[in-house]
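Notes follow once the structure below has been shown.
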Number of protein chains: 2
Amino acid sequence: MTDPSTFRSHCPTNYALEHFGDRWTLLIIRDLLFLEKQYFREFLSGEEAISTNILSDRLKKMEKDGLIAHRSDPADARRQVYLLTDKGIDLARIMVEINRWSAKHDPFTDVPPDYARRVEEDFESVIAQAVARARAKL
Amino acid sequence: MTDPSTFRSHCPTNYALEHFGDRWTLLIIRDLLFLEKQYFREFLSGEEAISTNILSDRLKKMEKDGLIAHRSDPADARRQVYLLTDKGIDLARIMVEINRWSAKHDPFTDVPPDYARRVEEDFESVIAQAVARARAKL
DNA sequence: CTATTTAAGTTGCAAAATGAAAGCGAAATT
DNA sequence: AATTTCGCTTTCATTTTGCAACTTAAATAG
């Protein structure tokens, strides 16, 4: 955990910002939660093009902060498997609300209309599904 | 609006990050939405201690991005009154979910137990109230 | 079993963002 | 008329970011 005594405040908004108030962390959460990515290489391949040093830094910080954990892949000792902790999985509701907000306000959104409709009509099960998939990896 | 053609992607997570993927924007949203702040001076007074140049930059960017608007105060022509647009007000659900997440995971949280309970038990009306207060200013 | 490819980083450096402090012009108050 | 207040802008030092090249260990191919 990043030393909480260095936090600017313990206002809940600020607590969240200390965890993901940057341009990359939530993209990694998205990859883990919705896109089922788990390897360093896979996070690099997103269209936002994170660079290796930033990815490396963020994975370390997210682990310190308790959002993710990592194990070495039993099938290939070079690989690390990254996965969300319960604390990270608990971001699912925030993430889906973000998806709703962006789908509503971005005229160029990538969100397929079918998914947007499902989020509106079946919010709870969209979350439950993502949570269940992530929990299954613990 | 910040030129959407410069966005790294139109993934909804990234769309959101292009709006508030930094250490300050959500604190200003919090001040507007929950703490009823509306003057430059008031935003400066938060315990996170934003500096004047950053505050000035963020207010401009947020206005370009359509999250806030400003008017000059009829009672004092030196002052600007800042307020949330509908797009900004629509962040209320995300903000309340962030409050829930932080209240749950921050052992040092500032969130009073009473408010936390109210958010759990009466989520919709907590949001409705903040939204109504913000809309009343439009 | 040697050579090369692949995974997961690290390092170096330039560019951009951040933050503290001081300065400034216009409007309001004394 | 002089002073204070508001909402900034400017300057400059520090921090963060991002690109590219390099490294190390493990897997695979010949």
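Numbered from 1 within each chain, the chains take letters A, B, ... in sequence-line order. Both backbone and side-chain heavy atoms feed into the values below; hydrogens, waters and symmetry mates do not.
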Spacing of [X] atom [atom1] relative to [N] atom [atom2], expressed in whole Å:
X	N	atom1	atom2	value
L27(A)	dG18(D)	CG	C1'	15 Å
L55(A)	dT16(D)	CG	P	18 Å
E63(A)	dA8(C)	CD	C1'	14 Å
D73(A)	dA27(D)	CG	C1'	12 Å
D57(B)	dG19(C)	CG	P	11 Å
D22(A)	dA16(C)	CG	C1'	15 Å

Of the nucleotides dA26(D), dG9(C), dG18(D), which has the atom closest to the W24(A) side chain?
dG18(D)
Given dA28(C), dG9(C), dG19(C), which nucleotide is nearest the side-chain atoms of Q80(A)?
dG9(C)
Look at the side chain of Y15(B) and the backbone N and O of H105(A), then say whether any donor-acceptor pair between them is shorter than 3.5 Å.
yes
Can we say [X] and [Y] salt-bridge, meaning some charged N sits less than 4.0 Å from an Asp/Glu carboxylate O?
X	Y	result
D65(A)	K61(A)	yes
R100(A)	E97(A)	yes
K137(B)	E36(B)	yes
R79(A)	E42(A)	no
R117(A)	E120(A)	no

dA25(D) phosphate, OP1 or OP2, under 4.0 Å from R78(A) side-chain N/O
no
Check whether any side-chain N or O of K60(A) sits under 4.0 Å from OP1 or OP2 of dT10(C), and answer yes or no.
yes
Can you work out whether R58(A) or A77(A) has the more 5'-proximal nearest nucleotide on DNA chain D?
R58(A)
Please work out which residues in residues 39-53 of chain A have a non-hydrogen atom less than 4.0 Å from an atom of DNA chain C and list them by number.
Y39(A), F40(A), R41(A), T52(A), N53(A)
